[in-house]
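Take a look at the structure below.
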Amino acid sequence: MTLSHSPAPVPVSAGSSYETWKGESEALAEAGVAGRRAAAWLRGLPVPESVGRPQRWVVAELADAVEWAMGSLDPGDCDRMGADGVVVDGGGGVDAATMAHLAGLPFALPETAGWLSLDQQVRLLAVVGTVTAIVRLLAHDPESFVEHGGLSRMCVVPTYAARPDGATWT
């Protein structure tokens, strides 16, 4: 199988970093909405008084990371060749600290077993796993991911997973 990697969009002027792709602004706006809905659902999870730090982390820092990641997506921050000929990994617009929060869920998930229902745990994994995948796919091949509708299609997962079970959508 042959993989074709698209170059970064062509710069249009010194003031802007790249020319946007067809459907980019709409897809990024949709991602921001999906991130806010998912974060609202996480923040709305009922946290018993007696729970520990991992449970509070899920409804605070992890919720913030989901919202920040989906609202910060930047197709211009893609994998590319540096000036010295070395490949530079793009971040899809999301900083390393936010990605570290998203990567922390598997370590906190066992602590949620007595607190969240199995349905909520699966939905939590769906949200965080999809947000993480969106960032990497956008960094790896933004042109295909945006223009062929992959970003919009993947935003359905956190939106569906964050369906209200206490927190309302706004």
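Worth knowing before you read on, the calculation uses all heavy atoms, side chains too, and leaves out hydrogens, waters and symmetry mates.
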> What's the spacing between R36 CZ and T159 OG1 if we round to 0.5 Å?
Replying inline: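 Nearest 0.5 Å value for the CZ-OG1 distance: 10.5 Å.
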> Atom CG of L151 and atom CG of L73: how far apart are they, to the nearest 0.5 Å?
Replying inline: 6.5 Å
Look only at the side chain of [X] and the backbone of [Y], and say whether a donor-acceptor pair between them is shorter than 3.5 Å.
X    : Y    : value
E111 : Q55  : no
W115 : P46  : yes
R56  : V47  : no
Q121 : L116 : yes

Can you find a pair of side-chain heavy atoms, one from [X] and one from [Y], that are under 4.5 Å apart?
X    : Y    : result
V94  : L138 : no
H101 : D64  : no
F145 : H140 : no
V33  : C155 : no

Can you give me every donor-acceptor pair (side chain of residues 81-89, partner residue at least two apart or in another chain, under 3.5 Å) with its distance?
{"unit_1": "D84", "atom_1": "OD1", "unit_2": "V86", "atom_2": "N", "d": "3.2"}

> In chain order, what residues pass the side-chain contact (heavy atoms from CB on, under 4.5 Å) check against A126, with sequence neighbours excluded?
Replying inline: V157, A161
Atom of [X], atom of [Y] and distance for their closest heavy-atom approach:
X    : Y    : answer
W41  : Q120 : CH2-O, 3.7 Å
M154 : A133 : CE-CB, 3.9 Å
V66  : G35  : CG1-O, 4.0 Å
T130 : P158 : CG2-CD, 3.7 Å
A139 : G92  : CB-N, 3.6 Å
A162 : R37  : CB-O, 3.8 Å

>> Using the rule given for side-chain contact (heavy atoms from CB on, under 4.5 Å), can you reason through L62 versus L124, listing the C-alpha separation, both sets of side-chain angles and the distance that settles it, and then say yes or no?
In response: CA-CA 10 Å; L62 185 59; L124 177 60; 4.0 Å; yes
>> If hydrophobic clusters are built by linking Ile, Leu, Val, Met, Phe, Trp and Tyr wherever their side-chain heavy atoms come under 4.5 Å apart, do W68 and L42 end up in the same one?
In response: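 No; L42 is not reachable from W68 via cluster members.
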>> Can you pull out every side chain to side chain donor-acceptor pair (under 3.5 Å) where at least one residue sits in residues 145-158? Sequence neighbours excluded, please.
In response: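 Only E30-S152 qualify under side chain to side chain donor-acceptor pair (under 3.5 Å).
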>> Test of understanding: with salt bridge (Lys or Arg N to Asp or Glu O under 4.0 Å), list the residues that count as partners of E67, not counting sequence neighbours.
In response: R43
>> Could you list the cluster mates of L118? Members are the ILVMFWY residues connected by side-chain heavy atoms closer than 4.5 Å, either directly or through other members.
In response: V122
> Do any pairs count as a salt bridge (Lys or Arg N to Asp or Glu O under 4.0 Å) and have a residue in residues 129-139, sequence neighbours left out, and if so which ones?
Replying inline: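 For residues 129-139, and leaving out neighbouring residues, the salt bridge (Lys or Arg N to Asp or Glu O under 4.0 Å) pairs sorted by first residue read D79-R136.
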